[in-house]
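Contents: one structure, followed by commentary.
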Number of protein chains: 2
Amino acid sequence: MVPSIPVSVDLVVLTVRNQALSALVWRRDNPPFLRRWSLSGGFIQLDEDLPAAAHRILSERAGLPGAPVHLEQLQTYGYPDRDPRQRVLSVAYLGLAPDLPASEKAHMSWQPVDSLLVMAFDHRRIMLDGVERARAKLEYTSLGAAFCPPEFTVADLRRVYEIVWGRPLDPRNFHRKVTKAEGFLVETGETTTRDGGRPAKLYRRGPAELLHPPMLRSLKE
Amino acid sequence: MVPSIPVSVDLVVLTVRNQALSALVWRRDNPPFLRRWSLSGGFIQLDEDLPAAAHRILSERAGLPGAPVHLEQLQTYGYPDRDPRQRVLSVAYLGLAPDLPASEKAHMSWQPVDSLLVMAFDHRRIMLDGVERARAKLEYTSLGAAFCPPEFTVADLRRVYEIVWGRPLDPRNFHRKVTKAEGFLVETGETTTRDGGRPAKLYRRGPAELLHPPMLRSLKE
DNA sequence: ACAAAAGTGTTTTCTGTACACCCATGG
DNA sequence: CCATGGGTGTACAGAAAACACTTTTGT
């Protein structure tokens with residue numbers, strides 16, 4: 001006799017907007033945890049792969065169909081009473097998104113992660129694990145660009161790092177680091193036009209996934 | 001209607017023995033995959049936490065009750081046909097163990113990971129993910145000591161690194177790095193006695209979990 | 001001309017690497 | 001005394017940090 005358990009996929013979708021690292025959450029309109037903030041999630045279908053389920057929930061529940069969101073598995077949460085109604089195992093996925101127009105879905109919104117002090121179920125724990133994963137990955141991968149639109153400037157990318165890490169970075173050294181890193185950025189040839197200041201070159205994401213040597217955040221705390 | 005799925009916990013238990021990074025595996029004695037190497041695993045009980053299940057399987061199935069094994073969640077594998085009989089979701093755990101006496105269990109043995117070219121189910125994929133996680137974690141954590149007995153020398157620890165990474169390290173620079181790292185090692189005051197050579201100081205694991213700055217393996221390939 | 005932001009050069013400091021050398025033991 | 005492995009000192013190279021400075025736009 002093999003025990004079976006309902007399995008859900010929950011998404012920690014993060015973006016950078018209004019100078020804050022923010023998560024995509026919705027206000028529950030049903031018990032339990034009525035009116036608490038909650039991650040988007042849903043039960044996995046019987047013949048569905050885990051990444052497929054994550055993409056489906058991103059479209060159907062999170063209201064971001066077709067958006068350029070980087071998705072990766074985060075962790076699985078399984079202690080028996082995390083849902084008071086019945087035992088549910090939850091496979092969490094982390095999503096990194098550019099600053100998209102707010103989701104169409106009712107009750108869905110981007111909220112700064114620092115403001116999400118109470119959430120439904122163990123969703124705050126899951127969200128914090130996702131935030132820590134994102135912070136760590138900026139150190140040694142080129143994933144920071146996943147928070148940027150398709151074309152962006154070095155300063156845009158630096159602001160992403162500064163907001164995610166919550167600390168200022170030297171613009172000059174940051175510029176050198178990311179432009180010298182093999183395969184991180186590709187010049188488009190275009191430049192921005194803004195009011196005041198020299199126009200900045202526009203870049204696209206390069207093919208490199210890893211940043212070597214890494215950009216360490218922890219030296220000066 | 002909520003679909004339920006059987007959930008198993010599978011263990012990638014690694015150790016360093018006979019100059020080789022080795023995994024704890026058993027030869028299957030039932031179809032499917034009769035006589036193929038397989039990770040130890042088992043179904044999760046209905047009221048059991050995931051870490052509790054991992055420890056239970058380490059005792060009951062892997063045959064290592066009470067052993068000082070570092071266990072951490074690795075990843076969850078869920079594509080529908082990974083078990084040909086029925087869909088099973090598998091939460092994999094990574095275990096790092098010192099060179100223990102071989103398990104008492106029948107069919108259980110330590111096998112060099114390089115020799116495990118074909119395995120049951122997707123267990124080779126899972127094992128390789130565990131090996132890569134272990135290799136990466138040696139870079140920026142003090143987990144290498146989990147492969148050592150309670151008391152060990154700097155050279156013991158260096159051999160762990162060399163075997164896990166498959167590359168020689170400079171003994172002098174390695175010594176400086178790990179002894180200078182805050183909280184990595186604690187002197188016991190004892191020294192080894194061996195045939196030939198100056199006796200080495202014995203150390204225990206220190207309180208630090210992270211190694212900062214990290215010891216990068218990838219600079220010279 | 002001036003402000004503002006982009007981008008470059010230069011100096012200092014730190015850390016990793018390579019390797020010469022000394023230390024403590026067994027035989 | 002010598003072999004063997006443990007442990008230290010030192011010089012060099014590369015990267016990070018700090019910051020002066022030049023470039024290119026809008027007003």
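For the numbers below, each heavy atom of this structure counts, side chains included, while hydrogens, waters and symmetry mates do not. Chain letters run A, B, ... following the sequence lines, proteins first, then strands; residues in each count from 1.
Following rounding to the nearest Å, L202(A) (CG) and dA5(C) (C1') show an atom-to-atom distance of 14 Å. In this structure, the CG atom of L216(B) is 12 Å from the C1' atom of dA15(D), given to the nearest Å. The separation between L185(B) atom CG and dG7(D) atom C1' is 14 Å, rounded to whole Å. If you measure from atom CG of L211(B) to atom C1' of dG16(C), you get 13 Å, rounded to the nearest angstrom. When rounded to the nearest whole Å, the span between CD of E182(B) and P of dT15(C) equals 13 Å. Separating the CD atom of E139(B) from the P atom of dG16(C) is a distance of 12 Å, rounded to the nearest angstrom. For the pair Y140(B) OH and dT15(C) P, the computed distance is 21 Å after rounding to whole Å. Per the geometry, CZ belonging to F174(A) stands 17 Å off C1' belonging to dA18(D), to the nearest Å.
Test L100(B), V69(B), L64(B) against L24(B) for side chain to side chain contact (heavy atoms under 4.5 Å, CB included) and you get one pass: L64(B).
Other residues, nucleotides and ligands contribute at most 12 non-hydrogen atoms within 6.0 Å of the CD atom of E182(B).
Phosphate proximity of dA6(C) to H175(A): absent, as no side-chain N or O sits under 4.0 Å from OP1 or OP2. K177(A) has a side-chain polar atom (N or O) that falls below the 4.0 Å cut-off from OP1 or OP2 of dA16(D).
The side chain of R172(B) has dA20(C) as its nearest neighbour among dC19(D), dA6(C), dA20(C). Of the candidate nucleotides dA6(C), dG9(C), dG7(D), dA6(C) has the atom nearest to the side chain of R158(A). Listed candidates were dC19(C), dA6(C), dG6(D). Nearest to the side chain of D170(B) is dC19(C). Of the listed nucleotides (dG7(D), dT23(D), dA18(C)), dT23(D) has the atom at the smallest distance from the side chain of R198(A). In the set dA18(C), dA18(D), dA6(C), dA18(D) carries the atom at the smallest distance from any side-chain atom of N173(A). For P213(A), whose side chain is taken as the heavy atoms from C-beta onward, the closest listed nucleotide among dA15(D), dG7(C), dA18(C) is dA15(D). The R159(B) side chain lies nearest to dG6(D) when the options are dG6(D), dA17(D), dA18(C).
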Applying side-chain hydrogen bond (donor to acceptor under 3.5 Å, both in side chains), run through D156(B) and Y203(B) and close with a yes or a no. CA-CA 10 Å; D156(B) 293 336; Y203(B) 294 88; over 6 Å; no
Residue pair T192(A), T153(A): steps toward the side-chain hydrogen bond (donor to acceptor under 3.5 Å, both in side chains) verdict: CA-CA 8 Å; T192(A) 49; T153(A) 68; over 6 Å; no
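No side-chain donor from either of Y77(B) and D10(B) sits under 3.5 Å from a side-chain acceptor of the other.
Donor-acceptor pairing under 3.5 Å, judged by distance alone, is present between the side chain of R176(B) and the base of dG9(D).
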